[in-house]
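Notes follow once the structure below has been shown.
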Amino acid sequence: MTVPGRVEAASLLLSLDPPPWFVRHSRAVAEVAAWLAARIRARGIPVDRALVEAAALLHDADKALANDDPAHALRHGDGSAAWLTRAGHPELARAVANHPVTRLADAEAYRRWAAFATREERIVAYADKRASQRLESLDARFARWQRRHPARVIDGRPTGWDATTYRAIRARAARLEADVCRAADVAPDDVRRLRWTGAALRAARVARDATGR
């Protein structure tokens, strides 16, 4: 059981035949996560950079699965973890399972996660909250989510985030940001991307073309 390297992680991503928007998001999250992991490691704080990079690149795998894939039926995050485990990389499962912002809506589940999450899990979860198609602030990312998930009632069921839920989620995300940025010794506005995914994807495509798979 080994953590996939950069090119292997890129090959796994390409195996999903993902659309361009999916690749752009995956790359942005992976490069933000890589930058944070490098900063934290440089300060002498133990962190598995390879695990962070691979998990961040593949965190949304379940969104690209075919409808008949068993992992597709699981809730987002759990599906990615199940797919990666099936692909032979269970070591990435924890780092992808709890990255979705919706996990922050459940106070008790968040409390348990915050108490036991590894440094790698926190970095991946935070990086996803700082990158859509590009690096952006928490405020910008949450404004986008709020537009996409407005509170409303559909078929008698409430959906989206009401004002109370939104405030709770936003506050928990702010605590996650403070924790990760403190470990990296940077202000949120100083977070950057470590550009590694382009070279890894090019190498993965060359290998795929050479083998015909």
Side-chain angles (χ1 to χ4, degrees), residues 21-43 45 47 49 51-53 55-63 75-77 80 94-152 159-197:
W21 65 264
F22 183 100
V23 175
R24 286 193 297 270
H25 172 64
S26 298
R27 291 183 62 183
V29 173
E31 292 182 353
V32 171
W35 188 90
L36 287 163
R39 289 280 308 195
I40 292 170
R41 183 72 174 271
R43 298 190 65 225
I45 299 173
V47 61
R49 291 180 58 185
L51 190 152
V52 167
E53 291 176 357
L57 189 66
L58 297 162
H59 72 286
D60 272 351
D62 54 10
K63 290 185 176 181
R75 70 174 179 170
H76 180 43
S80 295
R94 281 188 58 178
V96 303
N98 291 302
H99 82 269
V101 68
T102 50
R103 297 291 200 274
L104 301 181
D106 185 326
E108 180 57 25
Y110 168 76
R111 186 192 66 78
R112 291 195 302 270
W113 180 81
F116 298 107
T118 64
R119 180 65 61 194
E120 291 80 6
E121 290 177 69
R122 295 172 191 272
I123 294 170
V124 173
Y126 175 56
D128 182 56
K129 292 163 186 60
R130 288 296 309 271
S132 178
Q133 300 289 287
R134 61 185 185 277
L135 174 63
E136 57 190 20
S137 67
L138 274 189
D139 284 340
R141 190 84 162 106
F142 269 83
R144 189 189 306 274
W145 274 321
Q146 196 170 35
R147 289 194 299 271
R148 287 170 53 190
H149 305 289
R152 55 188 174 183
T159 65
W161 300 338
D162 59 28
T164 301
T165 301
Y166 176 83
R167 286 194 296 270
I169 291 172
R170 184 65 181 81
R172 289 164 190 149
R175 289 198 288 274
L176 175 63
E177 177 169 71
D179 174 70
V180 174
C181 288
R182 186 183 309 111
D185 194 28
V186 295
D189 287 347
D190 294 329
V191 172
R192 295 292 182 266
R193 294 172 63 163
L194 180 63
R195 304 282 181 172
W196 68 269
T197 62

Looking at [atom1] of [X] and [atom2] of [Y], how far apart are the two atoms once the value is rounded to the nearest 0.5 Å?
| X | Y | atom1 | atom2 | result |
| --- | --- | --- | --- | --- |
| L135 | R141 | CG | CZ | 11.0 Å |
| Y166 | W145 | OH | CH2 | 10.0 Å |
| H25 | R134 | NE2 | CZ | 13.5 Å |
| N98 | D128 | CG | CG | 12.0 Å |
| E120 | L36 | CD | CG | 12.5 Å |
| R167 | T165 | CZ | OG1 | 9.0 Å |

Over all atoms of both residues, closest heavy-atom pair of [X] and [Y]:
| X | Y | result |
| --- | --- | --- |
| A109 | D106 | N-OD1, 3.0 Å |
| S80 | D60 | OG-C, 3.6 Å |
| V47 | V52 | CG2-CG2, 4.1 Å |
| A131 | V32 | CB-CG2, 4.4 Å |
| T197 | A30 | CG2-CB, 4.0 Å |
| E121 | F116 | OE2-O, 4.5 Å |

Could I get the full list of salt bridge (Lys or Arg N to Asp or Glu O under 4.0 Å) partners for [X], not counting sequence neighbours?
| X | value |
| --- | --- |
| R111 | E108 |
| R144 | E136 |
| D62 | none |
| R195 | E31 |

May I have all residue pairs that pass ring pair (Phe, Tyr, Trp, His ring centres under 6.0 Å) and include part of residues 95-114, sequence neighbours excluded?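 Every pair satisfying ring pair (Phe, Tyr, Trp, His ring centres under 6.0 Å) with a residue in residues 95-114: H59-H99, H76-H99.
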Only pairs under 3.5 Å count here: list side-chain donor-acceptor contacts from residues 168-176, not counting sequence neighbours, and write none if there are none.
from	atom 1	to	atom 2	distance (Å)
R170	NH2	D139	OD1	2.6
R172	NH1	L104	O	2.5

